[in-house]
Asker: 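One structure, as C-alpha cells, below. Some questions next.
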Amino acid sequence: MRIDGWFIEGFGVFHDYEVKDLPPGLVVFLGPNETGKSTLLAFLRGVLFGFAARRNASRYPPLKGGRHGGRVFLEASGGLVTVERYVGRRHSLRVALPWSGEDEAAGLARILGGADDKLFRSVFAFSLEELQTLESLEAGQIRERIYSAHILGAGRPARQVIAALEGRMAALFRPRGASRIGELAARAEEIAAAWRQAREQAERYPALIREVETHAAEVAALEREIAQLQEQRRRGESLLALRPLWRVWSQRIEQRRQLAMELDDRLAGIAPAVEAHYTALPLHEERLRQWPDTRRRNVKLEEELGRWYARLGEDWSGDLQAGGDPEELAGEARGWAQQIAQIGARREEAERLLDAASTEARRIAGELQQTLDPDPGSLRERERALARIRPNLAELAAQERAGEALEAARREAVLRQTWILWLVWLGILVAAIMSDWMSGAVSRTTLVLLAVTLLALILGRFFPRAPGIQGQLGIDELRAVVARDAATLGLRDPPEAEDLEAVASSLARERLHLERREALQGDLLRARETEERRKASLAALAGEASSEGQAWNAWKRSRGFPEAIAAAEAVEYAGWVDQARQAYAAREEVKAETRRLALELGAWERPVRELLGSTAAGEALVAELTLLHGRCARDRRRREEIALLDLAIEEARFPEELESALAAAGEGEAEAARPADRLTEAQGQRDQALGRWRIAGAARADLEQSADVAALETELETVRAEIAGAAREWAVAALAKGLVERTLGEYTRIHQPGVLREASESFARVTGGAYRRVVQQDEGLLAEDRAGALRRPEELSRGAMEQLFLCLRLGLADEFGRRGAPLPLVMDDVLVNFDPRRARAMAAEIRRFAHSRQVLFFTCHPETAGMLAEDGAAPVIELSGDGATGLG
Amino acid sequence: MHAADLHLDTPFVGIGRVAPEVRARLRDASLEAFDNLVQAALDRNAAFVLLAGDLYDGAERGVRAQLRFLRGVERLGQGGIPVFAVHGNHDPLDGWSAIRQPPENLILFGSERVEARVVGSLATLYGISYPRREVEENLARRFRRGDGPGLHIALLHASVNSQPEHAPYSPCTLDDLCAAGMDYWALGHIHQRQVLRDGNPWVVYPGNLQGRGVKSSELGAKGAMLVHASDDRIERVRFLPLDCVRFQEAPVDIGGLADLDALRKAVRAEIARLRESERGRDLVVRVVLSGRGPLREDLRREGALDGLLEELRQELAEPGPILWLDRITDRSGSALDRAALAQRGDFPAEILRCGGGLRDEPLMQFVEERLAPLRKPRIAWLPEMDSWDWSALLREAEDRAVDLLESEQER
C-alpha cells in the first residue's frame with residue numbers, strides 16, 4: 001500500500017492543501033519549524049485511524065478555515081482508495097473503494113492490514129518524541145498486536161478476545177470477591193446444612209419409634225398401677241364412707257332407748273283435750289285482754305249518753321232507739337229551714353215590689369198634674385192652618401209674579417201686531433191716497449180709510465188692554481184662604497214669615513206637651529195595674545206561709561222536736577239527736593259485747609278447770625293449761641322421734657358381719673390415705689409419660705409427613721446443577737483463553753527471531769558494529785555490544801537507544817509487511833539525536849527499507865533531507881509554512 | 001409386573017431452578033409414580049410385583065418414602081398381590097429401615113445368598129440384595145435354576161455389560177445370565193428401559209419408574225414391565241408408562257433461523273409437538289440447540305439465552321398439565337466451516353491447529369493448568385470434573401475463541 005497524496009480542507013496551518021502522486025519509496029518533506037510537519041503526521045493518523053479525542057492538542061483545529069479534516073489517497077492493489085474523515089463527526093469516515101462488494105470500514109481495515117491506531121502510531125507513524133518513549137514500543141504490547149489477529153488478517157484482536165474471556169471467567173468465578181460460582185456454593189452450603197439437619201431428624205426415626213414405644217409402655221405400666229391403687233383406695237374409701245352411716249345408726253338405737261324411758265302414758269290420754277283447749281287458748285287470751293277495756297268503754301258510753309239526754313232537753317219526745325238515717329233527719333230539718341226561709345224571703349220581696357209599685361204610681365200621678373194640658377182639637381186645627389198657609393203664601397207669591405210676566409209679554413205681542421197692522425193699513429192708505437192723487441180726486445174709500453185710521457188711533461189711546469181674567473180669579477181665592485188661616489193662627493193678613501216661625505215653634509211645644517201627657521197617663525195606668533198585682537201576690541204568700549207553718553209544727557211533733565224550736569235551729573238540733581242516737585247505739589253495742597265476753601270466757605274456763613281440777617281463773621288458769629300443754633307436746637315429740645328412729649334403724653340395718661369391719665374402720669383410715677398419695681404420684685407420672693409419648697408421636701408423625709429431605713435434596717441438586725453449568729462454562733472460557741494465549745505464544749516464538757534478526761542487522765550497521773545484535777530475554781529486550789555484553793535499552797545512550805528502537809520498528813514493520821499489507825512509514829525528524837555518522841548510516845537503512853515500501857520522512861534539517869535524498873534517491877518536498885509545497 | 005429403581009422421594013438431578021409449583025410436583029413425583037404402580041397392579045390383578053432394587057434413593061431412606069412404600073405394599077396385600085423385592089446400591093441392607101415389621105405380602109430377599117421363593121405352582125423366584133453400596137461381585141453367577149414349579153424368575157440389581165451413565169455395580173454379562181437357566185431376568189439399576197433378550201431367557205431392564213432429570217437415560221416415558229405368561233411360558237412383555245412428570249429434550253436446529261424470534265417460534269413449535277405427543281402429562285423440557293447458522297452470534301451474547309428462556313417460560317405457562325422449560329442448551333456451531341477455516345492459515349486457523357495439537361498427549365496437562373485457579377481454593381460443590389469429556393470441552397473452547405475472533409469481522 002502506498003500513500004498517493006492527501007487533500008487537507010482544514011487542519012492546523014493547512015487549508016485546502018493538496019499533495020498528489022507521491023511516489024513509492026522514500027519521500028522527504030523538508031520545512032522549517034512551524035511549517036506543519038507534525039500537523040501532517042497527525043492528519044495522516046487521524047484520517048486513517050480516527051482523530052484524537054476532544055481537547056487533545058493533536059486535533060489541530062483549522063487555523064485558516066475549511067472543514068476540519070480532509071482526504072487521504074491510498075494506492076492499494078485494487079486501485080486508488082480515497083479515505084475521507086472529518087473531526088467531530090461521528091461516522092464521518094468515508095472510504096471510496098474502486099471495487100464493490102466490500103464494506104467501507106472492513107475494506108480500509110483490510111488495506112491497513114488490520115493495524116489499529118496504536119500499532120500504526122508505534123510502528124509506522126511516529127515522531128521523535130514517540131521514538132524516545134519506551135512505552136511507545138513496549139515489546140509485549142507491540143508483539144501482541146503484531147502476532148494477534150491484526151497482523152494476520154481481519155478479525156477481533158486476540159487481546160480483546162482474551163479480555164472478554166477473562167471478564168466472563170471472573171463473572172463466573174474468582175477466588176476473592178463475588179462470583180456466580182461463589183454465590184451458588186454459599187447457597188449450596190446453606191441448603192446442605194438444612195439438609196443435614198433434616199436428615200439427622202429423619203435418621204432419628206427408629207430411635208423415635210423406640211421412644212414412642214417406651215413411652216407407651218411406661219404409660220401402660222402406670223395405668224395398670226393406677227388401676228390397682230384405685231381399687232385399693234375404693235375399698236378403703238367404701239369402709240370410710242360406711243363408717244359414719246354406721247355410727248349414726250348406732251347413735252339412733254341409743255337415742256331411742258333414752259327417749260322411751262321418758263314417755264308418760266297419762267299425758268298421752270289427756271293430750272287431745274289439752275291440745276283442743278290449747279288451740280283455743282289464743283282466742284281466750286284475746287278475750288281476757290278485751291274484758292277490762294270493754295268494761296271501761298261501757299261506763300264511758302253511759303256517761304256520754306246521759307250528757308246527750310241533757311242537751312236534748314226535757315221537751316225531747318223522740319226515741320233514740322228509733323235509729324234511722326241520721327242524714328235523713330238532718331236533711332229534713334235542713335229542708336224545713338230552707339223552705340221556711342224561702343217563704344219569708346219571697347214575702348219580703350213581694351212587699352218590696354208592692355212598695356215600689358205604689359211609689360211609682362204616685363210619682364207618675366204627680367208629674368201628670370204638673371204637665372200642661374192643651375186642647376187637642378184646636379191644636380190640630382192650627383197645625384193644619386199652619387201647614388196650609390205656608391205653601392199657599394208661596395203659591396200666591398209665585399202666581400203674582402207669573403201674572404205680571406204674562407201681562408208684559410201680552411203687551412209686547414199686541415204692540416208688535418198693532419204695528420204690523422198699522423204698517424199694512426198705512427200701505428193701503430198710502431195706496432189709496434196715491435191712487436187718489438193719481439186720480440186727482442179723493443175717493444170715499446180713502447176717506448173711509450182715513451176715518452177708520454183715525455178711530456183706531458183714538459181707541460188705541462184711550463182703551464188700553466186689561467189683564468187675564470182667569471189668573472186674576474185664582475189669586476184671589478188663594479188670598480182668601482191665606483187670610484182665613486192667618487185668622488185661625490191669630491196672625492194679621494198677610495202674615496209675616498217671622499210670625500209664622502213663632503207660631504210654628506209654639507205649636508211644636510204644645511204638641512210635645514200633649515204627647516208627654518198622653519205617655520204619663522199610659523204609665524200611670526200601668527203602675528196602678530202593677531200595684532194591684534203585687535198586692536194580690538203578697539196576699540197569696542201570706543196564705544202559703546200560714547199553711548207552711550202548720551206543716552212545720554206537725555213535722556216537729558212527729559220527730560219529737562220541742563215545739564218552740566225554730567226552723568233555723570232545727571238543723572243543729574237534728575245533729576244533736578243524731579249524735580245522741582250514735583252514743584246510744586254505741587252504749588248498746590258495748591253492753592252486748594260485755595255480755596258476750598262474759599259468756600265466752602266462762603265457756604272456756606269451765607271445762608279447763610274441770611280438766612285441770614283447778615279452781616283458778618283468768619291468767620292463772622291459762623298458765624296452768626300452758627304448762628300442761630308443754631308437757632304433752634314434749635311427750636308427743638318423743639313418741640314421734642322414736643317412730644322415726646325405728647324407721648331409720650330398720651332401713652339402715654347393717655349386716656352383723658359388716659359391723660365388726662366398720663368398728664375396725666377407724667384404723668383403716670391410714671391405709672386408705674396411703675394409696676391415695678401413691679395414686680396421685682402415679683397419675684402425675686402417667687401424665688408426664690403421656691406428654692412425652694404425645695411429643696414423640698407428633699415428632700414421628702411430622703417425620704412421616706415431612707418432605708424436607710426430599711425438597712432440600714432437590715433444591716441442592718438444583719444448585720449443584722447450576723454450579724456444574726457455571727463451572728463448565730468457566731472451564732470452556734479458561735480453555736479458550738488458554739488456546740488464544742498459547743497460539744499467541746507460539747506465534748511469538750516462531751516469528752520473533754525474524755524481527756530481532758532484522759533489527760540486529762540494522763542496528764549493527766547503524767552503530768558501525770558497536771552492537772552486534774538485539775536479543776530477547778524473558779519479556780525484555782537487550783542489546784549485545786561488540787564485547788558480548790548485554791545492555792538494557794535504558795543503559796544505552798539516548799542516541800543509541802533511539803537507533804535501537806528505530807531498528808526494531810523497521811524490523812517490526814518488515815514483519816508486519818510479510819504477514820499482511822506492507823504499510824508506509826511516516827517519520828517526523830527522528831534522526832536529530834544521531835551523530836552525523838550514525839545519522840548517515842540510519843539514512844542509508846531507511847533508504848534501503850524504502851526499497852520495498854513507502855517512507856514519508858518529515859524534517860526541518862536540510863542536511864537530514866540531504867542525507868536521505870542523497871544522489872536523488874528520494875524526492876524532497878519543501879513545506880513553506882503557508883500550505884504551499886514545492887518539490888525539490 | 002416388573003419395576004425397578006423406584007428411587008422414592010428422589011431428588012432430581014441436573015435440573016436448574018424451577019418455579020415453586022414445579023418444585024412441589026417434582027418432589028412428589030416419585031411417590032405418585034409408585035402409587036400408580038400399585039394401582040396398575042391392582043387394576044390388572046397382577047400375580048405378583050417384582051421390584052429389582054433401588055427402592056429408595058439413598059441409604060438414609062427418607063421416612064416419608066418408606067412409609068409411602070409400606071402403604072403401597074399393604075394395599076397390594078389387601079388385593080392379594082405379593083411383592084418380591086431386592087435392595088440395590090442406593091438402598092443396601094446396611095441402611096436403616098422405618099419398616100420394623102414388613103407386611104406379610106412383602107418378601108425381601110437377603111444379601112447372604114440367592115434365596116428361592118415359590119409362588120404356588122405359578123413361579124419360583126430367586127433374588128439377592130446388596131449388603132452395602134459397593135458390590136463389585138458378579139452376583140449373577142450365584143443364580144442357578146432349581147427344581148421349583150412354574151416360571152423361574154431371577155431378581156437382581158446389576159450392570160449387564162458396560163452401561164454408560166451408571167456405576168458398574170455387580171457387573172455381569174449376558175452370558176452369565178443365560179447360564180443360570182432362568183426364564184426371566186428381572187433386572188434393575190439401568191434407568192434406560194432395555195430388553196436385552198426377548199426370550200430364552202428374557203433379560204429385561206424396565207428402567208426407572210420416574211425420570212430423574214434430563215440425562216439421556218432419564219428422558220422419555222418411564223414405568224414398569226407387564227409380563228404376560230401362560231403355561232410356564234412368557235408370552236409377551238409390555239411396557240406400562242407410570243411416570244408423573246416426564247423429561248424430554250426438544251432439539252432445535254438453528255440452521256436457517258434468521259434471528260432470536262425465529263428461534264423462539266421454532267422452540268414453540270417443538271414444544272407444541274411434545275405437548276401433543278405427551279398429552280395430559282406434566283413435562284420438563286430441555287431445549288437443545290444444534291446446527292450452524294448466523295444465529296450463533298446472537299446466542300453467544302451475554303444473557304441472550306437466559307432472556308429467551310424466560311420469555312418462553314412466560315409464553316408457555318398455561319393452565320393444565322405443567323410444562324417447565326428447564327433450560328436451553330446451546331450445542332450449535334459457528335457458521336464458519338472449521339475445515340475451510342483451518343485452511344486459511346490465519347490466527348483463528350492457528351487456534352484450531354493449536355487445539356488439535358492439544359488433543360494428543362498434553363491435553364490433560366493443559367486442562368489442569370487452566371483449571372488450577374478453579375481447583376486451587378478447593379470449593380466444595382464443584383462437580384467431579386475428571387470425568388468430563390475434555391476433548392469435547394476443548395472443541396467448545398476452540399469454537400468459542402474462534403467465534404470471538406471472528407465476531408469483529410461479522411460485525
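Per chain, numbering begins at 1; letters A, B, ... match sequence-line order. None of the values given here were measured: they were computed from a predicted structure.
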Asker: Under 3.5 Å, side chain of B:Glu218 to main-chain N/O of B:Arg212, donor-acceptor pair present?
Answerer: yes

Asker: Do A:Glu104 and A:Arg94 sit within salt-bridge range, that is, some charged N less than 4.0 Å from a carboxylate O?
Answerer: no

Asker: Determine the interplanar angle of the B:Phe69 and B:Phe34 rings, folded into 0 to 90°, and report it as parallel if under 30°, tilted if 30 to 60°, perpendicular if over 60°.
Answerer: tilted

Asker: For B:Arg327, is it the side chain, the backbone, both, or neither that has a heavy atom closer than 4.5 Å to a heavy atom of chain A?
Answerer: side chain

Asker: Would B:Glu396 and B:Arg331 pass as an ion pair if we require N to O under 4.0 Å?
Answerer: no

Asker: Among A:Ala721, A:Gly182, A:Ala733, who wins on heavy-atom pairs under 4.5 Å with chain B?
Answerer: A:Ala721

Asker: Is there side-chain contact between B:Arg68 and B:Leu8, with at least one heavy-atom pair below 4.5 Å?
Answerer: no

Asker: With chain B, which of A:Arg168, A:Met169, A:Arg720 has the greatest number of heavy-atom pairs at distances under 4.5 Å?
Answerer: A:Arg168

Asker: Contact part of A:Glu200 toward chain B, heavy-atom cut-off under 4.5 Å: side chain, backbone, both or neither?
Answerer: neither

Asker: Any salt bridge between B:Glu310 and B:Arg313, counting N to O under 4.0 Å?
Answerer: yes

Asker: Going through the checks in order, is the salt bridge (charged side-chain N to carboxylate O under 4.0 Å, His left out) test met by A:Glu715 and B:Arg23?
Answerer: CA-CA 8 Å; A:Glu715 199 173 347; B:Arg23 189 186 308 137; 5.4 Å; no

Asker: Please classify the contact between A:Leu208 and chain B as side chain, backbone, both or neither, with a heavy-atom cut-off of under 4.5 Å.
Answerer: neither

Asker: Name the region of A:Arg700, side chain, backbone, both or neither, that has any atom closer than 4.5 Å to a heavy atom of chain B.
Answerer: neither

Asker: Is there a side-chain contact between B:Glu249 and B:Thr329, using heavy atoms and a 4.5 Å cut-off?
Answerer: no

Asker: When heavy-atom pairs shorter than 4.5 Å are enumerated against chain A, which of B:Cys354, B:Ala401, B:Ala24 gives the highest number?
Answerer: B:Cys354

Asker: With a 4.5 angstrom heavy-atom cut-off, could you sort out which part of A:Gln201 is near chain B: side chain, backbone, both or neither?
Answerer: neither

Asker: Using non-hydrogen atoms and a 4.5 Å limit, figure out which bit of B:Arg353 sits close to chain A: side chain, backbone, both or neither.
Answerer: side chain

Asker: Less than 4.5 Å to any heavy atom of chain B: does that hold for the side chain of A:Leu716, its backbone, both, or neither?
Answerer: side chain

Asker: Heavy-atom distances under 4.5 Å only: say whether A:Leu172 touches chain B with side chain, backbone, both or neither.
Answerer: neither

